[in-house]
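In what follows, a structure is listed as structure tokens, so that the remarks can point back to it.
Please read these numbers as outputs of a predicted model, since none were measured by experiment.
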Amino acid sequence: MADAISKNDEISQEAHESSALKKPSRQAATENRVAEISSLLNSLEDAAGESGLTARPAPPPGLEKKKTTATLLESAKPTPAPAREPRSLFEQKLIDEMHDGVVFVDSQAKICLWNKGAERLTGVDSETAIGQAFAPSLLAMCNHASRRISDEACPVAKALLTNTQLRQRLLIMGRRGKHIAIDLHAIPVHAADESVKGATVLLHDAQPEATLEEKCDALYAEVTKDPMTKVANRAEFDRMHALFIEAHEQAKQSCSLIMIDIDHFKKINDTFGHQAGDEAIIAMANLLSSKCRSGDLVARYGGEEFVVLCADCGIADAASRAEQIRKKLSETQHACLGNQRITASFGVTELQTRDTSESMLRRADQALLKAKDQGRNQVVQLGNGMKTKKTKKKWWPFGRKASRILVESTLTTKVPVDIAIEKLRGFVTDHKAKIISTDESSVALEVSSETVSYDRRKADRHVTFRVELQFHEDRVESTNKLGLASGEQVQTRVEIAIRPKRSSRRRKAEQAERARLILQCIKAYFMAKEGEEVEAELVAAGEN
């Protein structure tokens, strides 16, 4: 038994010694495998460097021996390129190949990118455009009414300022030197902190849509306009007359109707022929249209009869306008009639309480028949406004002398006259000004110094000023700094005179100062420049 135990101990000892001998050989094999993989990794890193792949960063010191075989094999895999690089290539390719114009601008509206589509649409290459400010003058940009848009009203600048997307149908100068319709879409671009970094501007060629709209407009004109005179037809007048009355009743404003009939029209046809009669009708329509204001409607009611809806106009003003038209017509010679003149009779009425379109038209027709019965070539009015108010005599027998002008200047604003008048409406509303008189090109206001003088002493009296404005719309040739997008630009010239309502020898210096404040306030509303500033700007432009 003891011999067996001793024998087993010898066997165990031999096994232990054999295991101890085998262990160093396994460790050597592992180390050899690690060396082979390291060599493979180095060769892969060299290949990655030659092919442009990013090599794996070196491990921290002291960790090389702790790497397992799996870690080494994983590290031996080539690292893919960053995802952003190929995506940028795709984006660049997409932007360049887009049919629409794509423009990137920074927060100051400076152009950073101008793609091939923008070049095809505008004819301006990217080298010329990049670095320039995106402004309407760069592309001779106009609105849908073909009026030039000033740089101050740039839609892209508005999108950056308001931090909102903006879509607008506009006209720009195309590569063939003609204006084309586009849809401009400005999209602000935000940073991580929500600040505006710039905008993406899409310029979509809207010529096909514009052509379709033109066809729709032509179809609408065919339905609503008289084909010979191009003014509204009777159906359109009947539709608009009812809406006209409703709108003025809601606004509690007066409106008037003028009915016109050419005198002895049958004799014209019998003497000179029907073609000459048609020429006379067209001449009458053109005269009425030329004397119309914005908001009025001229329509051919039938044959040689016409009607005019006068917006925001009392019977006295409507009768005065009718008299001007009658006089102009009677003084005009017509070549188609052997240089003879024609006349017309006018019936005028004003909207009255509980009036309908039928009752108002019937009253105007009665006034017209009365003008015919009384000998033709005259104006007869029926309805409100016929009685003239008697002016109350002043107890003071001598009239006051007209106060002298304190401030007189000429302002120039780069907008059409209708927009300038809208800006003046804002001044009137904000400063509670009173409109004294208006006509086709001038306005007279009364403004209190209380609304414009903010540093006034409490003991000072309010001074009421009379402000007289005369509007002139001019068209000037203009171009941008690059010599591109040249064309006409519409601007408005406003001649302004300010005087106190009542003349007084006291505090003339103070009154002049307040008058200048009114001038500066109106100038700010118009966003205008005075005569000297305009001349200096022209001189600077000539030097450049």
Has the side chain of [X] got a donor or acceptor atom that lies under 3.5 Å from a matching backbone atom of [Y]?
X	Y	answer
Arg300	Gly303	yes
Thr162	Lys158	yes
Glu236	Thr224	no
Ser290	Leu287	yes
Lys230	Pro227	yes
Thr492	Val417	yes
Asp474	Arg493	no
Asp296	Ala311	yes
Ser330	Lys327	yes

Are [X] and [Y] close enough that some pair of their side-chain heavy atoms sits under 4.5 Å apart?
X	Y	result
Ser146	His179	no
Ile111	Leu138	yes
Glu350	Gln352	no
Met284	Glu304	no
Ser256	Asp317	no
Asp365	Tyr301	no
His264	Ile268	no
Val308	Lys291	no

Check this for me, if you would: do [X] and [Y] make a salt bridge, where the nitrogen-to-carboxylate-oxygen distance has to be below 4.0 angstrom?
X	Y	value
Glu530	Lys523	yes
Lys372	Asp263	yes
Arg516	Glu513	no
Arg293	Asp312	no

Quick check on [X]: does its [atom1] atom have over 12 non-hydrogen neighbours (other residues, nucleotides or ligands) under 6.0 Å away?
X	atom1	value
Lys370	NZ	no
Arg341	CZ	yes
Ile435	CD1	no
Gln108	CD	no

Find the distance between [atom1] ([X]) and [atom2] ([Y]) and round it off to the nearest 0.5 Å.
X	Y	atom1	atom2	result
Glu495	Leu411	CD	CG	10.0 Å
Thr464	Arg514	OG1	CZ	10.5 Å
Leu297	Cys255	CG	SG	12.0 Å
Ile405	Arg466	CD1	CZ	11.0 Å
Glu305	Ile281	CD	CD1	10.5 Å
Glu323	Gln378	CD	CD	9.5 Å

> Where do Leu406 and Phe465 land on the side-chain contact (heavy atoms from CB on, under 4.5 Å) test, with the steps shown first?
Replying inline: CA-CA 10 Å; Leu406 297 176; Phe465 291 92; 3.8 Å; yes
How close do [X] and [Y] get, heavy atom to heavy atom, and via which atoms?
X	Y	answer
Asn233	Ala299	O-CB, 4.1 Å
Gly295	Phe244	O-CE1, 3.7 Å
Ile149	Pro136	O-CB, 3.3 Å
Thr413	Ala420	CG2-CB, 4.4 Å
Val307	Met259	CG1-CG, 3.8 Å
Leu257	Ala364	CD2-CB, 3.8 Å

>> side-chain contact (heavy atoms from CB on, under 4.5 Å), that's the test. Do Phe237 and Leu309 meet it? Break it down for me.
In response: CA-CA 9 Å; Phe237 166 77; Leu309 287 171; 3.8 Å; yes
> Step by step, would you call Phe272 with His334 a ring-ring contact (aromatic ring centres under 6.0 Å, His included)?
Replying inline: CA-CA 12 Å; Phe272 300 98; His334 301 274; over 10 Å; no
> Going through the checks in order, is the side-chain contact (heavy atoms from CB on, under 4.5 Å) test met by Val231 and Leu288?
Replying inline: CA-CA 10 Å; Val231 298; Leu288 293 174; over 6 Å; no
> Looking at Asp261, Leu382, Val380, Ile260, which one forms a side chain to side chain contact (heavy atoms under 4.5 Å, CB included) with Leu368?
Replying inline: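 The passing option is Asp261.
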>> Working note: Lys414 + Arg148, criterion side-chain contact (heavy atoms from CB on, under 4.5 Å); need CA distance, chi angles, decisive distance, verdict.
In response: CA-CA 9 Å; Lys414 295 182 178 180; Arg148 290 289 293 272; over 6 Å; no
